[in-house]
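Each chain gets a letter, A, B and so on, in the order its sequence line appears, and its residues count up from 1.
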Amino acid sequence: MNKILQIYKLLYNEYGPQGWWPLIAYKNGKLTTKYHPSDFSYPKDTDQRFEISIGAILTQNTAWKNVEKALINLKKQELLNCKGIIEIKEEELKNQIRPSGYYNQKAERLKIFARWFSSLNHKPKREELLALKGIGPETADSILLYAYKIPSFVVDAYTKRILYGLKIIDKDSTYDEVKHLFEQNLPQDFRLYQEYHALLVEHAKRFYLKKKQDKEDFIKVSQK
DNA sequence: TTCCAGGCAATAC
DNA sequence: GTATTGCATGGA
């Protein structure tokens with residue numbers, strides 16, 4: 001029995017398809033975050049791959065709601081694309097992304113990423129992404145998985161918290177150790193990876209607000 | 001008011 | 001190599 005796969009099925013049955021990565025789109029007249037559950041045809045073009053990558057950088061240690069504000073600011077001015085980020089002045093970029101926090105460093109990182117992206121003519125490799133200032137393991141894996149459909153499992157603080165709660169990993173497990181644990185116990189399917197990471201985030205968000213009894217129940221079920 | 005969110009780089013030891 | 005610290009807004 002594969003515990004990793006078992007947890008996935010449990011989460012999927014509980015929460016259903018999550019439709020990550022969200023894109024900014026119009027919904028009855030105004031721009032908002034839009035998910036597309038059970039539709040793996042996204043991203044549809046280069047601009048959407050770029051948008052996902054920018055979102056991955058902006059959401060570092062930041063609530064998505066704040067990132068959404070920043071992305072909408074850019075989208076409204078047709079700046080949510082590689083050319084737009086390259087051409088906008090850095091000081092003005094800081095203003096536009098202010099709601100997402102850490103706006104000084106994030107503006108620099110967006111600029112660096114956009115310049116690199118503009119000359120990209122192949123699917124990026126993990127090492128290339130990690131070499132860019134401002135892109136660490138989680139951001140790199142998010143870009144590979146959600147922008148390029150490459151089955152590279154994304155680990156975040158929630159993932160570790162949940163697995164540590166289940167006593168499947170140690171508290172001091174490294175990023176790569178946890179990543180490999182998932183990758184060695186799952187078929188190499190980008191759809192499964194995309195869904196699984198999103199489900200872990202969704203579960204952690206709800207679950208850590210809920211009462212402790214619910215936590216105990218979840219642990220029991222998943223250890224069967 | 002305090003705490004923290006879909007991390008990362010720089011610095012300290 | 002591992003531990004700590006700065007970065008910043010907005011919502012609970």
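Looking only at atom types and distance, the side chain of A/Asp170 has no donor-acceptor partner in the side chain of A/Ser173 under 3.5 Å away.
In this entry the distance linking CG of A/Asp172 with P of C/dT2 reads 9 Å, nearest Å. Atom NZ in A/Lys171 sits roughly 15 Å away from atom C1' in C/dA3 (whole-Å rounding). Rounded to whole Å, atom P of B/dC8 lies 11 Å from atom CG of A/Leu129. The separation between A/Asp156 atom CG and B/dC8 atom P is 10 Å, rounded to whole Å. Spacing between atom CD1 of A/Ile57 and atom P of B/dA5 amounts to 21 Å, rounded to whole angstrom units.
A/Lys106 forms no cation-pi arrangement with A/Tyr102, by the criterion of a distance under 6.0 Å to the ring centre and an angle within 45° of the ring axis. In this structure, A/Lys167 satisfies the cation-pi test against A/Tyr164, with its NZ or CZ atom closer than 6.0 Å to the six-membered ring centre and inside 45 degrees of the ring normal.
The stretch residues 176-197 of chain A has no heavy atom under 4.0 Å from DNA chain B, so no residue of it qualifies as close.
Remark: A/Glu177 CD is packed, more than 12 non-hydrogen atoms of other residues, nucleotides or ligands lying under 6.0 Å away. Applying the 6.0 Å contact sphere to NZ of A/Lys171 captures no more than 12 heavy atoms from other residues, nucleotides or ligands.
Between the side chain of A/Glu87 and the backbone N or O of A/Gly84 there is no donor-acceptor pair closer than 3.5 Å.
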Going through the distances and angles, do A/Lys205 and A/Glu202 end up as a salt bridge (Lys or Arg N to Asp or Glu O under 4.0 Å)? CA-CA 5 Å; A/Lys205 277 180 178 167; A/Glu202 179 60 24; 5.5 Å; no
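Taking the P atoms as reference points, C/dT5 lies 15 Å from B/dC3, given to the whole Å. Across the P atoms, B/dT11 and C/dA8 are found 15 Å apart, a figure rounded to whole Å.
Put simply, CD1 on A/Ile7 and NE2 on A/His203 are 9.0 Å apart, with the number rounded to the nearest 0.5 Å.
Under the 6.0 Å cut-off for aromatic ring centres, A/Phe182 and A/Tyr193 do not qualify, their centroids lying 6.0 Å or more apart.
No engagement by A/Leu130 is indicated, since no non-hydrogen atom pair under 4.0 Å with the nucleic acid exists.
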List the protein contact pattern of nucleotides 5-12 of chain C with one symbol per nucleotide (5' to 3'): B for base contact, S for sugar-phosphate-only contact, - for none; contact means a heavy-atom distance under 4.0 Å. --BBBSS-
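A residue-by-residue look at A/Trp64 and A/Gly134 shows that A/Trp64 has its nearest nucleotide of DNA chain B further toward the 5' end.
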